[in-house]
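Any value given below was found using the heavy atoms of this structure, including those in side chains, with hydrogens, waters and symmetry copies removed.
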Amino acid sequence: YLINMNLNSFSKNGYIIIKKAVSKKNIISLQNLVLKSLLKKNSKKNKYNEFCKYILQNNNSEYLISNKISNALEKVDLLEKVFHEKKIMKLFINILGKDLSHVVGNHFVLNTPDKKTSKENYLFKDWHQEIWSGASISTLQFWTPIFQKNGKLGQIEFIKNSHKWGHIPHQNRKPINLPKNFKKINKNIDIGDVVIFSST
C-alpha cells in the first residue's frame, strides 16, 4: 500500500515531502561540515547566525563558497549516510525500484539573507525546469535545507501540475510562455524534511 501511495502521490503532484527524513545527528554533522569548510574551525555559537555572518561578509564569492562546501563533502561519506536514511531510501526504492544508481553532482544554493528579490540575488531563480540544466526526465531532484531561520524564507516553490506540461520553451533559462493563471505551491519545510521532485 505504501508503494502505491508514494507512486500515486508523486505522479499526481510531481513531488513528495518526507517529514523528519534526515536525522538530527546527520543535520548537525552537515552544519558542522559546512561551517568548518568556511570558517576553518568548529563553531559552538548559533550555527544559522554564524553561517549568515560569513555569507554576508563574503557575499561576492557565492561560487567560491559553494565550491568549498562541495569539496569538503567529497572527502566524507556524509551524503551517503543522508541518502541511506530509512525514510529516504524507502521512497527512492518505491519510486525508482531497487536497482538504484547514484551520480555525484551536488549543488548548494545560497539564499543570502540580505538579498530578497531575484534581481538582486542570482540564486533566487525565475521559474525553471531542472531538465533545462541537463537533468534526465527520469532523474529525481533531492532538496533539503541545511541552515534555516524560523519563518522559512527563501524556500523552494512549485507551480501546481506543471510537471505534466512536458518541456516548457525557454530562452536564457527563462520561460518564454507560461499560462496566465497558475497556482503556486509553497510548502513549509523544516530542518530535516526532504522534498523529492520531478525534473519537469
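Taking CD of Q31 as the reference point, atom NZ of K24 lies at 10.0 Å (rounded to 0.5 Å). Residue F158 holds its CZ atom at 10.0 Å from CG of N13, rounded to the nearest 0.5 Å. Of the inter-residue distances, the one linking L140 atom CG with I95 atom CD1 reads 5.5 Å to the nearest 0.5 angstrom. Taking CD of E157 as the start and CG of N186 as the end, the distance is 4.5 Å to the nearest 0.5 Å. Of the inter-residue distances, the one linking T144 atom OG1 with I189 atom CD1 reads 8.5 Å to the nearest 0.5 angstrom. Note that CD1 of I185 is 7.5 Å distant from OG of S162, once rounded to the nearest 0.5 Å.
Proximity of N177 to P169: side-chain heavy atoms (C-beta onward) are nowhere separated by under 4.5 Å. Side-chain atoms of Y54 and I65, non-hydrogen and from C-beta on, do get closer than 4.5 Å to each other.
Here the closest non-hydrogen pair linking I88 and F83 is CG2-O, 3.7 Å. Nearest heavy atom pair, residue W127 against residue P175, reads O-CD, 3.1 Å. Across A72 and L33, no two heavy atoms sit closer than the pair CB-CD2, 3.8 Å. Residues P145 and D190 come closest through the heavy atom pair CG-O, 3.9 Å. Shortest non-hydrogen contact noted between N26 and K81 is ND2-O, 3.9 Å.
Linking ILVMFWY side-chain heavy atoms closer than 4.5 Å, directly or via other members, places Y48 and L39 in a single hydrophobic cluster. Placement of I28 and F147 in two distinct hydrophobic clusters is found when ILVMFWY residues are connected by side-chain heavy-atom separations under 4.5 Å, directly or transitively. Clustering ILVMFWY residues whenever any of their side-chain heavy atoms sit less than 4.5 angstrom apart, transitively, puts V76 in the very cluster that holds V82.
With hydrogens and angles disregarded, no donor-acceptor distance shorter than 3.5 Å links the side chain of E130 to the backbone of F197. With hydrogens and angles disregarded, no donor-acceptor distance shorter than 3.5 Å links the side chain of H167 to the backbone of T200. Q141 contributes no side-chain N or O that, together with a main-chain N or O of Y15, makes up a donor-acceptor pair within less than 3.5 Å. For K87 (side chain) and K19 (main-chain N/O), a donor-acceptor pair under 3.5 Å exists by modelled atom type. Judged by distance alone, the side chain of S11 and the main-chain N or O of N8 form no donor-acceptor pair under 3.5 Å. The main-chain N or O of N49 is found under 3.5 Å from a side-chain atom of N46 such that the two form a donor-acceptor pair.
The local environment of NZ in K160 is sparse, with at most 12 non-hydrogen atoms from other residues, nucleotides or ligands closer than 6.0 Å. Annotation for K47: atom NZ counts as buried by contact number, over 12 foreign heavy atoms lying within 6.0 Å.
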Open item on the list: As a quick check of understanding, evaluate side chain to side chain contact (heavy atoms under 4.5 Å, CB included) for I196 and F92, giving each step before the final call.
Closed with: CA-CA 9 Å; I196 294 175; F92 281 152; 3.5 Å; yes

Open item on the list: Please evaluate residues I146 and F51 with respect to the criterion side chain to side chain contact (heavy atoms under 4.5 Å, CB included), reporting the C-alpha separation (whole Å), side-chain torsions for both, the decisive distance (0.1 Å), and the verdict.
Closed with: CA-CA 10 Å; I146 298 174; F51 178 73; over 6 Å; no

